[in-house]
Number of protein chains: 2
Amino acid sequence: MSTNRSSADIRRVAAEAGVSIATVSRVLNDPKRVSLKTRQRVLEVAERLGYRPNPNGKRLRKGRAETVGLVIPSPPGRFADSFFLELLTGLGEGLAGVGLDLLVATCPPHEDELACYKRLVEGKRVDGLVVARTRLYDTRIAYLLEQGVPFVAHGRSDQIKTPYAYLDVDGRQGFYRATRHLLQLGHREIAFIGAPNEFNFAQHRLEGFQLALAEAGVALRPEWILEGDLSEESGYRLAQLLLGELPPTAILCANDLMAIGVLRALRERGLRPGREVSVIGYDDIPQAQYTDPPLSTVHQPFREAGRRLVEMLLDQLEGKDAGTLQEVWVPELVLRGSDGPPTR
Amino acid sequence: MSTNRSSADIRRVAAEAGVSIATVSRVLNDPKRVSLKTRQRVLEVAERLGYRPNPNGKRLRKGRAETVGLVIPSPPGRFADSFFLELLTGLGEGLAGVGLDLLVATCPPHEDELACYKRLVEGKRVDGLVVARTRLYDTRIAYLLEQGVPFVAHGRSDQIKTPYAYLDVDGRQGFYRATRHLLQLGHREIAFIGAPNEFNFAQHRLEGFQLALAEAGVALRPEWILEGDLSEESGYRLAQLLLGELPPTAILCANDLMAIGVLRALRERGLRPGREVSVIGYDDIPQAQYTDPPLSTVHQPFREAGRRLVEMLLDQLEGKDAGTLQEVWVPELVLRGSDGPPTR
DNA sequence: CTCCTTGATGTAAACGTTTTCCAAACGATA
DNA sequence: TATCGTTTGGAAAACGTTTACATCAAGGAG
C-alpha cells in the first residue's frame, strides 16, 4: 500500500497538519516565524507525505529562475575543450546544496554565441551566468552589463572598463615563472607559440614571457613569436616552422593542446622533448600527464575555480556589489618531463 | 529612447493590441485558432515589445518543467571523462530549436548518484532524463521505470527486463571487428584489458573479443584477461603486469584512456606500440588522434548519439511508447598508428 | 483595568501563463 | 426570415507558491 505518490501539494500538507498554507510555507522558508509546536507538526506531515515545493510555483511567485547558466561553445566538427568539463564539474560541486539548478547551453560558432546569451537572459531562464574564455573586448560581458544581469567571468576582459565580477588566473605570472625557469636552466633561445589575440589571456601570457626575457637581458627574436589557434594541429604546424636549421632550445605554448602538437612535431624530427628541445604548456589538462614525456605546464585549477565562481555569483544574487568580487589567482608551474637544460 | 526594457508581459501585449490575453496566448500556441487580421496585429505588437512568454508562468500552468536532465558523475579528485562533454554537446545540438532546456547536475561518488536522480524527478525539475554509462543492473533505470518518468539510456542495462528506450553502440561487434583485424594481421597472443563488470558494456566488449578468438580457433589465456577501472593509471599498471618475459603481441583495451596508459607502459619498456606490441582502444576520444603513435580504436559517435537521444526523448514526451524506441548502432574500427603485424 | 506590544496564525492577492467555457457574430441553409 | 453550424474572441479559473496585511490572543506596563 504505497502512499499517494502523485506529489503532495502544499495545500495537502496544510490540510493534513490543520494549518493554513501560509504557515506551511513559513515553516519551510522562515522557520523562526512559526511556533515550535506547529513547526514540528508541519515538518512531520511534510516528511510523511514526501512534500517537495514545486519549483515552478516558487519561481513564478519569486520572479526568479533559480537557475544559473553556462554556455559552452562547441566547434562544429571537432571536440569541445575539455577545460569546460572541468569547469562544469566545479560549478556543479558549488551548486550542490544551494537550491540552484545549472542550465547548460551549447552554441555552434562564434557570433551566435551572443544570441545564445540573449535567449537565456531575455527568456528569463537564468538568474545569473558564468562567462568563460573571455575575450579582450567581450561582447557577452558588455551585453550582460548593459542588461544588468548578474554574472561572473572566468578570466577578465581588459577593454571593458565598467567593474564586474571576475576570477582570473594570472597568465603573466604563470609564464613569467615558466620563462624564468627555462632561463635558469640555461636556455637563451626560447620560442613562443601564443593564442589568438582576441582572447584576453593571450596578451597576458605573452607579456609574462617578454618580461622575464627582458629582465634577464635576453634578446627577443620576433620571428620566434608565433600565434596559433589553440589546437594540437596548429601547434604541430607552427613547430615545424620553428624547427629549421637552428631551432630554439625551448618552446613555450599558450595552451597544452598546442604543446601536444609541438611534441609530435619534435618526435617526427627525431628531437627528444626535454632534451634537445624543452616544451612547456599551459592549463594542465588531464592528458598532460600522459604525453610522452609527461608535459611540464602551468597548472590552472579549473575545478576549484568553478566552485569559487559559484560563490561569487551567489554573493551577487544576494546583492553584493560586483565590483568587489574580483580575484586573480596565481598559478603554479608543474614540472614533469618535457623540460630540461639545453643541450647546446 | 529605448523601448521599455523590463520585459513585456502578456497583458501588456494584449492591451496594446486591443485583445484579451487569451487571444495573445492563442496566437502564439495555436495560431490557426485566431483570425488572420488579429493574429497579424498581435504578432506585430509582440514583436515590437520584444515579448517572450515567461517560462515559469508557462511551466506552472502546464505542469511541465520544459527541461531535460543529465547527470554527470565526476570522480572526486580526477577529471571527468571527456566523453560526457561530447555527449553533452550532442544533446545541446539536439535541444536547440526545441523549446527545452538542458539541466546538468554533477554527482560525486557512486551511490549518491541515484539520490541525485531522485532530487531531479521528485523535485519536478525535469520532464525527462538521459541516463549515460549504464550498468548491468542499473538502479537509476529501475528507479525511473518505477516512477514512470520518461528517459532514454545511452547504453542498455541487460538485467532489466521491462522495456525502455535506449540507444546503444554494439560493443560486441566493435571488439569482434577489432579482434578479427588483429587476427588477420597475424596476431595470436592477444591480451584484453576490460572494464569493471558493473558496466553493461564490459561484458559485451569482452564477448566480441572472445567470439572472434573462438571462431579463429585461437586459445584464450585466462591470465591475459584483466579488468581495469577505465583510467589511464589502471591501463598503465595492468600493462606492466602483462609485459613480462613473453608479452602478448597485442593488447585490446575497453576504453581509450586505459589504452593511453598502456602506450606509456610500452614506451617505458622500450617496446614500440604498433611494432612490438599492437594496441587498440575503444571510444575514439579526442586525444586518441594525438597519442604517439596515434591510437587505433573503435569509434563511438557520441555527438550524433546525443542528438538522436534527444529525438527519442522528445518522442516519448509526446506519448510514444518507450518500448519502440530502441536502437543499436554498429561502431567503426578506425585504424591509426598503434596496430601492425606481430614481430614475432 | 485598560492600552499597547508582541508573537502566531490565517486570508487573500499576487506571479504570468494556458485552457475551458461561453457568447457573439457570421454565413449559409431551408 | 428563422435556424443552425462555425469562426472568433473574451471571462475566468486554474497551476503552486510567497508575502503583505489583518486578526487575535496573550502578556506587561501604566
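Reminder, nothing fancy here: chain letters follow the sequence lines and each chain counts from 1. Keep in mind it's a predicted model, so treat the numbers as computed, not measured.
- Using a 4.5 Å heavy-atom cutoff, the side chains of Asp127(B) and Val68(B) are not in contact.
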Each nucleotide N or O in nucleotides 20-23 of chain D that has a protein N or O under 3.5 Å away: list the pair and distance.
none

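- Taking side-chain N and O atoms only, Ser35(A) has a distance below 4.0 Å to OP1 or OP2 of dT9(C).
- Tested against Glu113(B) for a salt bridge (Lys or Arg N to Asp or Glu O under 4.0 Å), the candidates Arg119(B), Arg133(B), Arg140(B) yield a single pass: Arg140(B).
- Rounded to an integer number of Å, the gap from Arg59(A) CZ to dT18(D) C1' is 15 Å.
- Between Leu102(B) and Leu88(B) there is a side-chain heavy-atom pair separated by less than 4.5 Å.
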Between N or O atoms, less than 3.5 Å apart, protein on one side and nucleotides 14-17 of chain C on the other: list the pairs.
unit_1, atom_1, unit_2, atom_2, d
dA14(C), N3, Arg61(A), NH1, 3.4
dC15(C), O2, Arg61(A), N, 3.3
dG16(C), N2, Gly57(B), O, 3.3
dT17(C), OP1, Tyr51(B), OH, 3.1
dT17(C), OP1, Asn54(B), N, 3.1
dT17(C), OP2, Ile10(B), N, 2.9
dT17(C), O5', Tyr51(B), OH, 3.1

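- Atom NZ in Lys32(A) sits roughly 12 Å away from atom P in dA8(C) (whole-Å rounding).
- The side-chain heavy atoms of Glu327(A) and Asp168(A), taken from C-beta on, include no pair separated by under 4.5 Å.
- Atom CG of Leu36(B) and atom P of dT8(D) are 10 Å apart (whole Å).
- Between Thr23(A) and dA8(C), a side-chain N or O to OP1/OP2 separation shorter than 4.0 Å is absent.
- For the pair Arg41(A) CZ and dA8(C) C1', the interatomic distance rounds to 12 Å; values are reported in whole Å.
- Salt-bridge check for Glu44(A) with Arg41(A): failed, with every basic side-chain N at 4.0 Å or more from each acidic carboxylate O.
- A heavy-atom distance below 4.5 Å is found between the side chains of Leu129(B) and Leu144(B).
- Under the 3.5 Å distance criterion, with hydrogens and angles disregarded, a donor-acceptor pair is assigned to the side chains of Ser25(A) and Asn29(A).
- Considering only heavy atoms from C-beta on, Asp158(B) stays 4.5 Å or farther from Tyr137(B) through its side chain.
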